[in-house]
A.B. asks: 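One structure is given below, represented as structure tokens, and several questions about it will come after.
Chain A is the first sequence line, chain B the second, and so forth, proteins listed ahead of strands; every chain is numbered from 1.
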Protein chains: 2
Amino acid sequence: MKPSLKHIAEHLGLSKTTVSWVLSGQAEQKNISQATTEKVLEYAASLHYQPNMIARSLNTGETKTIGLILPSISDTFYSEVAREIESRARNQGYSLMISSSESDIDREDEIIRLFKAKRVDGIILAPTKRSKVEVLRLIDEGYPLTTIDRYFPELNASYIIINNRDSCCMLTKHLINKGCKKIALLTTNSYLTTMSQRREGVEDALRESGLQLDPRLYGEVDFAGYEKNIHRVLNSIFTEVPDVDGFFFTTHILALEAFQYFYEKGIKPEFEMACIHEEPIFKVLAPQINVARMPVGEIGRTAVNSLIEQMENAKGKAKSRKKQQQEPKRITLSCSLEFRS
Amino acid sequence: MKPSLKHIAEHLGLSKTTVSWVLSGQAEQKNISQATTEKVLEYAASLHYQPNMIARSLNTGETKTIGLILPSISDTFYSEVAREIESRARNQGYSLMISSSESDIDREDEIIRLFKAKRVDGIILAPTKRSKVEVLRLIDEGYPLTTIDRYFPELNASYIIINNRDSCCMLTKHLINKGCKKIALLTTNSYLTTMSQRREGVEDALRESGLQLDPRLYGEVDFAGYEKNIHRVLNSIFTEVPDVDGFFFTTHILALEAFQYFYEKGIKPEFEMACIHEEPIFKVLAPQINVARMPVGEIGRTAVNSLIEQMENAKGKAKSRKKQQQEPKRITLSCSLEFRS
DNA sequence: ATTGTTTACTTAAACGGTTAAGTAAATCCA
DNA sequence: TGGATTTACTTAACCGTTTAAGTAAACAAT
């Protein structure tokens, strides 16, 4: 059997309290004698004693664990964010439970219930669609929660997003300055604020230059099954407006698919292009593409920081019995623009 | 405060036991009356009661949580494996704690200690180098453990790997059949059995055709800082053997870097190529590359299955007091070969 | 009418820590 | 020399579940 405090205490003829104090580093503070301290440490080490954090958690009410819910862990963007979050969380003393919602609202709700049952100290969530009952309940209960990447006005939670509209506006202006007159805009699921903001950014730039979005150059591709849909959309663009001279992709995924399309159709991508978020491979595929690079590291770190702040707050609240809700932190980070064409 | 069993029990004038039985679905079995059952369920639902799994775990000794340790969550291969593992684990009733070892042995040890302290029911590990003390201890203690992707003979643990040697041999044969006489072999960190097996597979094929590995065509690139090293290696190959006619990459990462090199140098990759594991983007970058595709899904599912088997075994053992060690399961999965050139 | 069984619960201990409150002995101070 | 303080601990309750063992009342069987 795994050694326990009780085991150590009995073996050394001490009380559990004394052993607990020594092993949690409070020996000095609690006036434990040098001799006892050493005896305990030595014996614990010889058993490779590891304190049972489950028992500790039950007592303290903290699990030192953060729950992370992403649409998909295997997406390159989210997996990078996950990595940053894990790294930051770890050196702040937290572990990470990760689960993929697969962009399914019911699954998201289910994960949240599970995470709550497992008593994670807080949740970082990239919400799916207009999130349902459990997210709202989290907010209502004041459960530490930070949402990332996607913003929904009806969720009164802390969030970390990026300056979608501005970034897209500036990228588009660049395309216009390069002489583009017929810019195609490829985007997805417009019910995501993220995506509508991006479209608005493009439209801002067009408007300022006296242009406007040609409906024949606008394609909205559903994330579910985008591989086929994007082909359809691009086909239509090239037949209806053969002299299209610029492409704006609201996500790296669409850009990738488009590059593949260009390749398959033998189209040399000699038009101007711009895209939100880049993958290293873009250098090879379409080196002239202009990108707004997502501050992945900053998103991760800021999310953890924001969450930790809420968690400490919640701890304080539990003590002082104050029930006042903290105003959520709303943070917008900037993309770094890279003009390459 | 969060509602507890006690809270519900007191409110309804029942004992904690009764409430516990009802809420854990044992009402029927334990002869709880219909009326009581309904009262309890109804009140619990109205409170959105979620059982405290921490308390349950302390009692049952199970956390229903699996620990996953990978060199890096953001690597495309590992993040896909992670996704499969999470998905499989979830529908078997387990959550996932994930941590990156960053290929650092001390960090790996630290993560293992942490996971043990948090009492995860079992660990899935892609080991780093010749793993140190904590991995050996896990094995020694019979802690449920399945290693994946990398195999070390000195670790007497269950493992899931792929048929590296055979896959590489067959890919190489294909290159030879296509007429290659001067095949370059790019690989990494040869202390990983994975990598030495792959090299041996290539050598097998060469030997069978009466060829042998030309040292000038062999490049070993350290994972740490491979971006620069691979340039050096490729430069050397092209100057020393300008008529190199085939390339074998032991990982997708090296292939990607090479494609980038080719692009930058303006080299048209018209030679034969082969590679272990593919990324979707290869279709665009070098469509003729021959690949052995890793069975990502199968790796993930098999790993979880193997671990669950050990965990159930361990549960049984705790009861029956038997201490006999189960023989570790050793599973080798096959890559699916795709010849494209 | 007595004994046995079933129904519908309750009591209390256990899981492995933390922590407020208590205590006996040694040391300090005047 | 006696009271106060300090040192070095111990006792016991608690966190929120599970579960073995107990019990009182109702019902059944002989």
A.B. asks: Assess, by modelled atom type and distance only, whether the side chains of B/Thr60 and B/Glu62 contain a donor and an acceptor separated by less than 3.5 Å.
C.D. replies: no
A.B. asks: Under 3.5 Å, is there a donor-acceptor pair between the side chain of B/Gln50 and the main chain of A/Arg113?
C.D. replies: yes
A.B. asks: Could you check whether any side-chain N or O of A/Ser100 sits under 3.5 Å from a backbone N or O of A/Glu102, counting only pairs where one atom can act as donor and the other as acceptor?
C.D. replies: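 No; zero donor-acceptor contacts below 3.5 Å.
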A.B. asks: Measuring from A/Leu145:CG to A/Leu125:CG, what's the distance to the nearest 0.5 Å?
C.D. replies: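 Nearest 0.5 Å value for the CG-CG distance: 6.0 Å.
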A.B. asks: When you measure from the side chain of A/Ser158 to the backbone of A/Lys329, do you find a donor-acceptor pair of N or O atoms at a distance under 3.5 Å?
C.D. replies: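 At least one qualifying donor-acceptor pair exists.
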A.B. asks: With 3.5 Å as the limit, what N/O pairs link the protein to nucleotides 5-11 of chain D?
C.D. replies:
from   : atom 1 : to      : atom 2 : distance (Å)
D/dC9  : OP1    : A/Thr36 : OG1    : 3.4
D/dC9  : OP2    : A/Ser33 : N      : 3.2
D/dC9  : OP2    : A/Ser33 : OG     : 2.5
D/dC9  : OP2    : A/Thr36 : OG1    : 2.7
D/dT10 : OP2    : A/Ser15 : N      : 2.7
D/dT10 : OP2    : A/Ser15 : OG     : 2.7
D/dT10 : OP2    : A/Thr18 : OG1    : 2.7
D/dT11 : O4     : A/Thr17 : OG1    : 2.6

A.B. asks: Please enumerate all residues that pass salt bridge (Lys or Arg N to Asp or Glu O under 4.0 Å) together with B/Asp104, with sequence neighbours excluded.
C.D. replies: none
A.B. asks: How would you list, by chain and number, every residue that makes a salt bridge (Lys or Arg N to Asp or Glu O under 4.0 Å) with A/Glu38, sequence neighbours excluded?
C.D. replies: none
A.B. asks: When the distance from NZ of B/Lys6 to P of D/dA13 is rounded to whole Å, what number comes out?
C.D. replies: 13 Å
A.B. asks: Indicate yes or no for a side-chain donor-acceptor contact from B/Glu84 to the backbone of B/Glu298 under 3.5 Å, with no hydrogens or angles considered.
C.D. replies: no
A.B. asks: Hey, is the main chain of A/Met53 close enough, under 3.5 Å, to the side chain of A/Ser57 for a donor-acceptor pair?
C.D. replies: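 Pair found, side chain donor or acceptor close to backbone of A/Met53.
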A.B. asks: When you measure from the side chain of B/Asp121 to the backbone N and O of B/Ile66, does any donor-acceptor pair fall under 3.5 Å?
C.D. replies: no
A.B. asks: For B/Ser20 and D/dT17, is the shortest distance between a side-chain N/O and OP1 or OP2 below 4.0 Å?
C.D. replies: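 Result: no.
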A.B. asks: Does DNA chain C take part in any stems of at least 3 consecutive Watson-Crick or G-U pairs (both distances under 3.5 Å), and if so, which ones?
C.D. replies: C:1-30 with D:1-30
A.B. asks: Is the phosphate of C/dG17 approached by A/Tyr49 (side-chain N or O, under 4.0 Å from OP1 or OP2)?
C.D. replies: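 Checking C/dG17 against A/Tyr49, a side-chain N or O does come within under 4.0 Å of OP1 or OP2.
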A.B. asks: Just the rounded figure in Å: distance from C1' of C/dG16 to NZ of B/Lys118.
C.D. replies: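 Roughly 17 Å, once rounded to whole Å.
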A.B. asks: Pull out every residue in residues 50-66 of chain A that has a heavy atom closer than 4.0 Å to any atom of DNA chain D, ordered by number, or say none.
C.D. replies: A/Leu58, A/Asn59
A.B. asks: Rounded to whole Å, how long is the line connecting atom CZ of B/Arg119 with atom C1' of C/dG17?
C.D. replies: 11 Å
A.B. asks: Just to verify, what does B/Phe77 make a ring-ring contact (aromatic ring centres under 6.0 Å, His included) with, not counting sequence neighbours?
C.D. replies: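 B/Phe77 satisfies ring-ring contact (aromatic ring centres under 6.0 Å, His included) with B/His277 only.
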